[in-house]
Structure formats: structure tokens, C-alpha cells
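Shown next, in C-alpha cells, is the structure this report addresses.
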Amino acid sequence: FYLRLCETCLFCFNVMTMAHFLKKNKSKISLSLLHSGNSSGDFNHFPGDPEFGDIIQRAEQAIEGGVFPERISQGSSGSYFVKDSKGKILGVFKPKSEEPYGHLNPKWTKYFHKLCCPCCFGRGCLIPNQGYLSEVAASLVDTRLGLGVVPKTKAVYLVSETFHYNTIDRAKSRGKKYALEMVPKVGRHFHRVGLPPKLGSFQLFVEGYHEADYWLRRFEAEPLPENIRKQLQSQFERLVILDYVIRNTDRGNDNWLIKYEKPGEGEGEKVSCVCVCAIQIAAIDNGLAFPFKHPDEWRAYPFHWACLPQAKVPFSQETRELVLSRLSDMNFVQDLCEDLYELFMADKGFDKTMFERQMSVMRGQILNLSQALKDNKTPIQLVQMPRVVVERRRTGGQGRVVTLGTAFTQTFHCKRPFFSSW
């Protein structure tokens, strides 16, 4: 409290000093200069994906035109529907600073949940405030494995009045705009005039999907045709592979989606085309994945899809042919780890030691998954396998410098959480 008070007093002193200077230097200013610094376009560059870059540009133009992102009421963090100038939803933006335990989370009750009842809230196996990286990394893993169940997700910068900013940031923005209006020569030297852009994950919005629980109940009452059932099973297995590799700790039937077009509901003869998949799955909300250790404290964070009938069916030959050759190739796994390293290291709070622990868990998951695919096991048998950690062996160095070699050590994680169903 006293720190905030001192910061406010210092800011007020600066404003008073600036106001005294402004009285002697009044002049006019153009509107184009007034709005400089409000855009986040200087931060967002996607040369390898112009289509995604175009979507972000449309979102930025909509925000500048007054169509602001809309906060989503569900969830335990600040997340927003981002729209284009016509009001159509383009994607979901989740700022890093508004994550469940972020310092600007508008849903502040989550912080007290963690303090007062750690056995029911919080995940001690995850690195705090890395949810946006987990979202982007899940999309990267999905792409590398060719699964196609995660909507494209990338890290972007956006700024909007509807985002949750503290009082000082908003006061600074108003003060700089006032200074820019009064003394343009001084205002031109400001690095930024508007609110600061927020870094977060931007996931493309998928249309026509419902929560999995909705369709699964419908399928119980109205069984699917055999060809559609096989499509659902294939898509389900891809979801299983994704969640198991990234060790998703938050996969319920409310945060993966199903899109189903019944025969005859499409565009005439196009529905009967063999190449069209009538049923598709979208794996959203991947922000609570990539733990640095297996859950071993209070809760086990099980995969809720393990209770479904589809989890009792062995992995299909189609799925094995899709991913087994990649997962069994240590060069592919190492390349995947290096790609994730390039992604995670961009975060200001990056810790290489903790990242290596995250990758050790992921390598263990990949090892188990490869063996399960070779042994023709089912998803439920997969999650019941002993938990494995595959660490890179440390080699000698000079002084305190320790390097990581190319050899690996496999260990079993035997400690179980207090509440465990596996």
C-alpha cells in the first residue's frame, strides 16, 4: 500500500511539474500524433504466417475503430473475445498479466483461493504465469505431430481500454495525452502515449463447435453411424496424444469441443464426399500444461476423457502410422524440445533449469506413449502406466559451469498425490 502511495505521489509531482512547463509552451497538435503509440502493431510480426498476421491486423484496426475486445465471464482469469470491425469474433486473447495468479487478474478471488485453500486450488507442479506460453506451445506440439486438433495459437501484443490495467497505467496514459495536446514538441519524445500493450496468447476462434459434454450426451441417445463413429474415435485419439504429451492438468469435458454435421445438413452433395470429415474436435484451454514435475502433492489432475467409452478402445492403426515414427525418433524429440526452448526463452521470467525439468517430464510422456502405441494399448491403459522422467545427463565443466550432454537418464516418479484415482 505504501509503495503504491509513493508511486502515486511521485507521478502527481511529475504531472504538476509538466503542467507548469506546459503553460509556457502551448501549441496545436494533429490528431494523427495524438493517437501515436496506442497501437500494438509494432510488436506483431508474422512473416512466416501472413494469414495469421492479417487476422491480427484486422483485430488491431477494429480496436482503433472502437470495437473493443469483450471479457469472457467464464474462467478464473482475464480472457477476451477479440472481434473485427464488423463485430465478428476472430479469436480469444489471454494476457499474461491477467492469468489466474497474475498481478492484474480481474477475477481476484483466485489469489485468495490459493492462499486459503491450497489443497483445492493452485497447481504446485506448474510454473506460475506461464499459461500463455503453454497455450502457444500446445499449438506448436499439435503442428509438429500433425494432429490438427488445436486451433492456431501464437503470442501477440494487444492494447485495449477494456483490458484490466492498474490505476497508475491509466493515469500515465491520460497525463501523456494531455501533455501531447498542450506541448507537441515534448510529447513527441514519449516512447508511448496510450496504454501499454499486453503480451498474451491469441487463439483463433472456431465456429460451429459445442462443448464435448453436449455432443457426448447426444451420441448416447442417438448412436452415430459406423463411419462417423470411426472418425470420432480417430479425432479422440489425437486429443489423447496431445494431452498426454504436454501433460495437460486441466482437461475436462467442458474445454474440448466437438463439431458435428449430420448427413444431409451440409451443402448438398458435398457432405457425401469421402474427403470431408463430418466430425471434428478442437482442443482449447491448454494453459495448464507442461508441468516441471508430475503432480505429487494434493491432486492428481487426471484426464477426464479416460472415463469415456472411447478410452477403452485400442489406438487405431491410422493413429500409430501418424505419430509413432516421429515419437520413436529421438532426433525429432530433440528438435521439438529445441523449438519449445526458442518459444519459452522469450519470456522475461524464463529459467533454463525449470525448462529442462519441463522437458524431462515431456520426454517421459513421449516414451510411455511410444511404448503404448507399440503394444496396442488403450488410452486408459496409457494413463495407468508408471510415470517416467527422462533427464538429460549433466557433464563436467570448468568451475561452476555445468553443461548438458546428449545422454539421457530414465527414472520413475513414484510419489503419489494425496487424492489420487489412478
Side-chain angles (χ1 to χ4, degrees), residues 134 137-152 226-249 251 256 274-275 277 279-283 286 289-291 294 302-306 308-341 343 358-392 406-413 422:
S134 179
S139 179
L140 189 151
V141 172
D142 174 83
T143 301
R144 294 292 185 272
L145 292 176
L147 301 175
V149 294
V150 178
K152 184 177 294 184
E226 182 61 21
N227 62 326
I228 304 298
R229 186 197 65 78
K230 289 183 178 179
Q231 289 182 8
L232 175 61
Q233 183 66 32
S234 175
Q235 291 280 302
F236 173 80
E237 291 172 4
R238 298 183 182 208
L239 172 70
V240 170
I241 291 172
L242 172 76
D243 281 347
Y244 193 81
V245 169
I246 68 177
R247 187 47 184 101
N248 197 335
T249 66
R251 180 64 76 203
W256 61 283
V274 178
C275 63
C277 185
I279 192 164
Q280 292 177 310
I281 284 178
N286 302 301
F290 296 95
H294 287 284
F303 304 107
H304 290 277
W305 42 251
L308 298 176
Q310 289 80 5
K312 300 178 181 179
V313 180
F315 286 100
S316 64
Q317 181 64 25
E318 175 189 357
T319 299
R320 290 197 294 270
E321 292 177 354
L322 176 65
V323 299
L324 183 55
S325 61
R326 304 179 189 182
L327 297 177
S328 302
D329 183 0
M330 286 305 299
N331 291 326
F332 172 84
V333 175
Q334 185 58 32
D335 290 342
L336 178 60
C337 292
E338 292 176 359
D339 290 339
L340 292 172
Y341 177 81
L343 171 63
Q358 290 175 292
M359 295 300 98
S360 297
V361 174
M362 189 184 75
R363 292 190 199 98
Q365 296 292 97
I366 291 176
L367 183 63
N368 271 354
L369 177 58
S370 301
Q371 191 61 45
L373 292 173
K374 294 176 181 177
D375 296 343
N376 200 29
K377 291 188 175 182
T378 65
I380 184 62
Q381 291 174 328
L382 170 65
V383 300
Q384 292 172 346
M385 294 178 68
R387 297 177 295 176
V388 180
V389 175
V390 179
E391 300 175 297
R392 277 211 291 178
T406 56
F408 297 90
T409 303
Q410 173 184 336
T411 58
F412 291 95
H413 189 92
W422 295 351

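Computed from heavy atoms alone, side chains included, the values below leave out hydrogens, waters and symmetry copies.
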Legend entry - Residues Arg392, Arg363; criterion side chain to side chain contact (heavy atoms under 4.5 Å, CB included); working and verdict: CA-CA 10 Å; Arg392 277 211 291 178; Arg363 292 190 199 98; 3.7 Å; yes

Quick one: does [X]'s side chain have a donor or acceptor within less than 3.5 Å of a partner on [Y]'s backbone?
X: Asp243; Y: Asn248; answer: no
X: Glu391; Y: Thr409; answer: no
X: Ser139; Y: Val150; answer: no

Over all atoms of both residues, closest heavy-atom pair of [X] and [Y]:
X: Ala283; Y: Trp256; answer: CA-CB, 4.4 Å
X: Phe290; Y: Gln358; answer: O-NE2, 2.8 Å
X: Tyr244; Y: Val383; answer: CE1-CA, 4.3 Å
X: Gly148; Y: Asp142; answer: N-OD1, 3.1 Å
X: Ala289; Y: Ser134; answer: N-OG, 3.2 Å
X: Val389; Y: Ser360; answer: CG1-CB, 3.6 Å

Rounded to the nearest 0.5 Å, what separation is found between the [atom1] atom of [X] and the [atom2] atom of [Y]?
X: Leu327; Y: Asn368; atom1: CG; atom2: CG; value: 11.5 Å
X: Leu369; Y: Leu324; atom1: CG; atom2: CG; value: 8.5 Å
X: Leu367; Y: Gln410; atom1: CG; atom2: CD; value: 5.0 Å
X: Gln310; Y: Leu239; atom1: CD; atom2: CG; value: 10.5 Å

Inset, instruction - State, with a plain yes or no, whether a side-chain heavy atom of Leu373 is found less than 4.5 Å away from one of Leu382. - result: no

Legend entry - Side chains of Phe236 and Leu308 in contact at under 4.5 Å (non-hydrogen atoms): yes

Inset, instruction - Mind checking side-chain contact (heavy atoms from CB on, under 4.5 Å) for Ala138 and listing every partner two or more places apart, or none if nothing turns up? - result: Ile246, Asn286

Inset, instruction - Not counting sequence neighbours, which residues clear side-chain contact (heavy atoms from CB on, under 4.5 Å) with Thr378? List them please. - result: Pro314, Ile380, Gln381

Legend entry - Candidate pair Leu147 and Leu322, rule side chain to side chain contact (heavy atoms under 4.5 Å, CB included), full reasoning: CA-CA 8 Å; Leu147 301 175; Leu322 176 65; 4.2 Å; yes

Inset, instruction - Assess the side chains of Ser316 and Glu237: does a donor N or O sit below 3.5 Å from an acceptor N or O? - result: yes

Inset, instruction - Any salt bridge (Lys or Arg N to Asp or Glu O under 4.0 Å) involving residues 373-383? Give me the pairs, sequence neighbours left out, ordered by first then second residue. - result: none

Inset, instruction - Quick one: which residue pairs count as a salt bridge (Lys or Arg N to Asp or Glu O under 4.0 Å) with a foot in residues 314-339, not counting sequence neighbours? - result: Arg144-Asp339, Arg238-Glu318

Legend entry - Residue from Val141, Ile366, Val323 passing side chain to side chain contact (heavy atoms under 4.5 Å, CB included) with Ile241: Val323

Inset, instruction - Go through the structure and list residues passing ring pair (Phe, Tyr, Trp, His ring centres under 6.0 Å) with Phe332, not counting sequence neighbours. - result: none

Legend entry - Set of ring pair (Phe, Tyr, Trp, His ring centres under 6.0 Å) partners for His304, sequence neighbours left out: none

